[in-house]
Number of protein chains: 2
Amino acid sequence: MKINEAINLLKDKGYKTTGRRKDILAYFDEADGYRTAKDLISYLEETYDGISFDTIYRNLHLYNDVGILESTELNGEKHFRMNCTHHHHHHFICNDCGKTKEIEVCPMDEVQQALANYSIEDHKFEIYGLCPMCKHA
Amino acid sequence: MKINEAINLLKDKGYKTTGRRKDILAYFDEADGYRTAKDLISYLEETYDGISFDTIYRNLHLYNDVGILESTELNGEKHFRMNCTHHHHHHFICNDCGKTKEIEVCPMDEVQQALANYSIEDHKFEIYGLCPMCKHA
DNA sequence: TATCATAACGTAATGATTACGATTTGTAAA
DNA sequence: TTTACAAATCGTAATCATTACGTTATGATA
């Protein structure tokens with residue numbers, strides 16, 4: 001999702017446009033991969049002297065809820081990245097830099113049949129390793 | 001993995017067979033699904049008066065390392081279940097009772113090609129929802 | 001520019017997990 | 001069987017990510 005798109009989405013939903021919020025969007029726009037709350041705090045501390053956990057987590061949850069960000073759990077820590085809204089897909093995630101590559105394969109079609117009497121609510125398919133850049137570093 | 005198998009594996013590796021360790025195995029053998037450290041503590045407290053976090057987590061890690069248990073992260077908490085050693089497969093996991101169903105489909109073959117220059121180290125494919133039992137409860 | 005609800009601050013609380021010194025207990029050798 | 005000792009457990013404190021909250025600041029609307 002693009003920054004302007006996200007800002008308009010927030011406005012439409014009645015949320016205020018603050019400096020923190022714009023900077024958080026800028027961070028994830030630039031990051032192009034999964035980042036933690038701690039990563040975000042480090043970044044914002046360059047600009048602001050004193051960032052509250054409240055601000056960090058409230059906005060991460062907000063962005064996640066309205067679909068600006070998507071999240072996953074890696075090594076016991078929540079990680080966030082800009083949401084790819086265009087179509088359903090999965091991700092390769094680099095263990096080193098957190099950057100992602102879209103994977104078009106989704107095995108759910110095949111799986112549905114095997115779970116006839118089950119109620120499927122969600123699924124997760126992620127591939128972990130090193131991206132070409134980190135592999136040769 | 002069966003309990004006796006696990007105990008022999010521990011002996012072979014030079015680990016001692018203690019009451020706690022046997023009871024932990026019994027718990028996961030009976031559980032037949034994903035359980036948290038807290039779940040395990042509740043169970044062990046019925047038998048022992050005073051179970052140390054040290055004992056819980058040390059043994060969970062040990063069992064996970066030697067392949068007696070396998071683990072996944074659900075709602076920010078590590079969950080463990082008896083390891084299925086026989087062949088590669090994935091799991092449907094019930095959001096209610098934690099019980100699992102094996103899924104034979106694995107999409108990795110298809111994915112390899114799309115990640116030619118990447119180093120693949122691991123992958124995760126899990127399906128979440130309600131099992132037939134919990135669905136009708 | 002005044003108003004007011006929302007956002008942010010600073011900090012304390014929570015919950016899972018890890019760490020550690022003291023004590024207990026399997027195990028293997030005497 | 002007893003002894004010896006490393007490994008296992010205990011009790012509790014520390015850590016780390018996240019959540020909660022009373023107070024203060026600020027964006028948006030009139």
Side-chain angles (χ1 to χ4, degrees), chain A residues 3-4 6-27 34-66 68-69 71-81 98, chain B residues 6-27 34-66 68-69 71-81 98:
Chain A
I3 294 183
N4 285 337
I7 291 179
N8 287 333
L9 178 60
L10 290 175
K11 278 187 182 151
D12 287 353
K13 299 218 171 204
Y15 294 105
K16 293 181 182 171
T17 306
T18 69
R20 303 333 185 244
R21 284 192 171 150
K22 281 189 277 191
D23 286 354
I24 292 173
L25 290 174
Y27 177 68
Y34 277 106
R35 298 288 179 266
T36 65
K38 190 144 46 90
D39 294 333
L40 176 57
I41 290 172
S42 301
Y43 172 78
L44 290 176
E45 277 175 345
E46 292 173 13
T47 308
Y48 304 92
D49 62 330
I51 276 286
S52 175
F53 290 137
D54 195 283
T55 303
I56 298 292
Y57 287 104
R58 185 167 24 75
N59 285 316
L60 285 176
H61 288 161
L62 171 64
Y63 286 5
N64 197 57
D65 290 347
V66 302
I68 292 173
L69 296 179
S71 71
T72 193
E73 193 116 11
L74 304 170
N75 316 313
E77 243 182 304
K78 280 189 194 100
H79 286 61
F80 301 84
R81 55 157 288 142
Chain B
I7 290 179
N8 287 332
L9 179 60
L10 289 175
K11 278 187 183 152
D12 287 353
K13 299 220 172 205
Y15 294 105
K16 294 179 181 170
T17 307
T18 69
R20 316 301 193 265
R21 287 194 170 146
K22 281 188 277 190
D23 286 354
I24 293 173
L25 289 174
Y27 176 67
Y34 277 106
R35 298 288 180 265
T36 65
K38 190 143 47 86
D39 293 334
L40 177 58
I41 290 172
S42 299
Y43 171 79
L44 290 176
E45 277 175 344
E46 291 174 13
T47 308
Y48 303 91
D49 62 330
I51 275 287
S52 175
F53 289 137
D54 196 283
T55 302
I56 298 292
Y57 287 103
R58 186 168 23 75
N59 286 317
L60 285 176
H61 289 162
L62 171 63
Y63 286 6
N64 197 58
D65 290 347
V66 302
I68 292 172
L69 296 179
S71 71
T72 193
E73 193 116 12
L74 303 170
N75 317 312
E77 242 181 308
K78 279 188 195 100
H79 286 62
F80 300 84
R81 56 155 288 142

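Lettering of chains follows the sequences in order, A, B, ..., and the numbering in each one begins at 1.
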Rounded to the Å, how far apart are [X] [atom1] and [N] [atom2]?
{"X": "B:Arg21", "N": "C:dT24", "atom1": "CZ", "atom2": "C1'", "answer": "14 Å"}
{"X": "B:Leu44", "N": "D:dA8", "atom1": "CG", "atom2": "P", "answer": "16 Å"}
{"X": "B:Asp23", "N": "D:dA8", "atom1": "CG", "atom2": "C1'", "answer": "15 Å"}
{"X": "A:Asn75", "N": "D:dA17", "atom1": "CG", "atom2": "C1'", "answer": "13 Å"}
{"X": "B:Glu45", "N": "D:dC10", "atom1": "CD", "atom2": "C1'", "answer": "13 Å"}
{"X": "B:Lys22", "N": "D:dA8", "atom1": "NZ", "atom2": "P", "answer": "14 Å"}
{"X": "A:Tyr48", "N": "C:dA8", "atom1": "OH", "atom2": "C1'", "answer": "11 Å"}
{"X": "B:Leu10", "N": "D:dA8", "atom1": "CG", "atom2": "P", "answer": "9 Å"}

Legend entry - Modelled atom types, side-chain donor and acceptor of A:Asp39 and A:Ser42, under 3.5 Å: no
Which atoms form the tightest heavy-atom contact between [X] and [Y], and what is the distance?
{"X": "A:Arg21", "Y": "A:Lys16", "value": "NH1-O, 3.0 Å"}
{"X": "B:Leu9", "Y": "B:Val66", "value": "CD2-O, 3.6 Å"}
{"X": "B:Tyr43", "Y": "B:Ala26", "value": "OH-CB, 4.4 Å"}
{"X": "B:Ile56", "Y": "B:Ala37", "value": "CG2-CB, 4.0 Å"}

Legend entry - Residue A:Asn75 excluded, over 12 heavy atoms near CG under 6.0 Å: no
Inset, instruction - Count the heavy atoms belonging to other residues, nucleotides or ligands that lie under 6.0 Å from OH of B:Tyr27, then report whether that count exceeds 12. - result: yes
According to a strict under-4.0 Å criterion, is [X] in side-chain N/O contact with OP1 or OP2 of [N]?
{"X": "A:Thr18", "N": "C:dA8", "answer": "yes"}
{"X": "A:Lys38", "N": "D:dA17", "answer": "yes"}
{"X": "B:Arg20", "N": "D:dA8", "answer": "no"}

Inset, instruction - Report the residue (B:Thr36 or B:Lys11) whose heavy-atom-nearest nucleotide on DNA chain C is the more 5′ of the two. - result: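 Closer to the 5' end of DNA chain C: B:Thr36.
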Legend entry - Closest-nucleotide ordering on DNA chain C, the 5'-leading residue of A:Tyr15 and B:Lys16: A:Tyr15
Legend entry - Proximal nucleotide (of D:dT9, D:dT18, C:dT6) relative to the A:Lys78 side chain: D:dT18
Inset, instruction - Tell me which nucleotide among C:dT17, D:dA17, C:dA7 gets nearest to the side chain of B:Glu77. - result: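 Output: C:dT17.
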Inset, instruction - Check each residue of residues 49-65 of chain A for a non-hydrogen atom within less than 4.0 Å of any atom in DNA chain D, then write out the ones that pass by number, or none. - result: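 Only A:Phe53, A:Asp54, A:Tyr57, A:His61 qualify.
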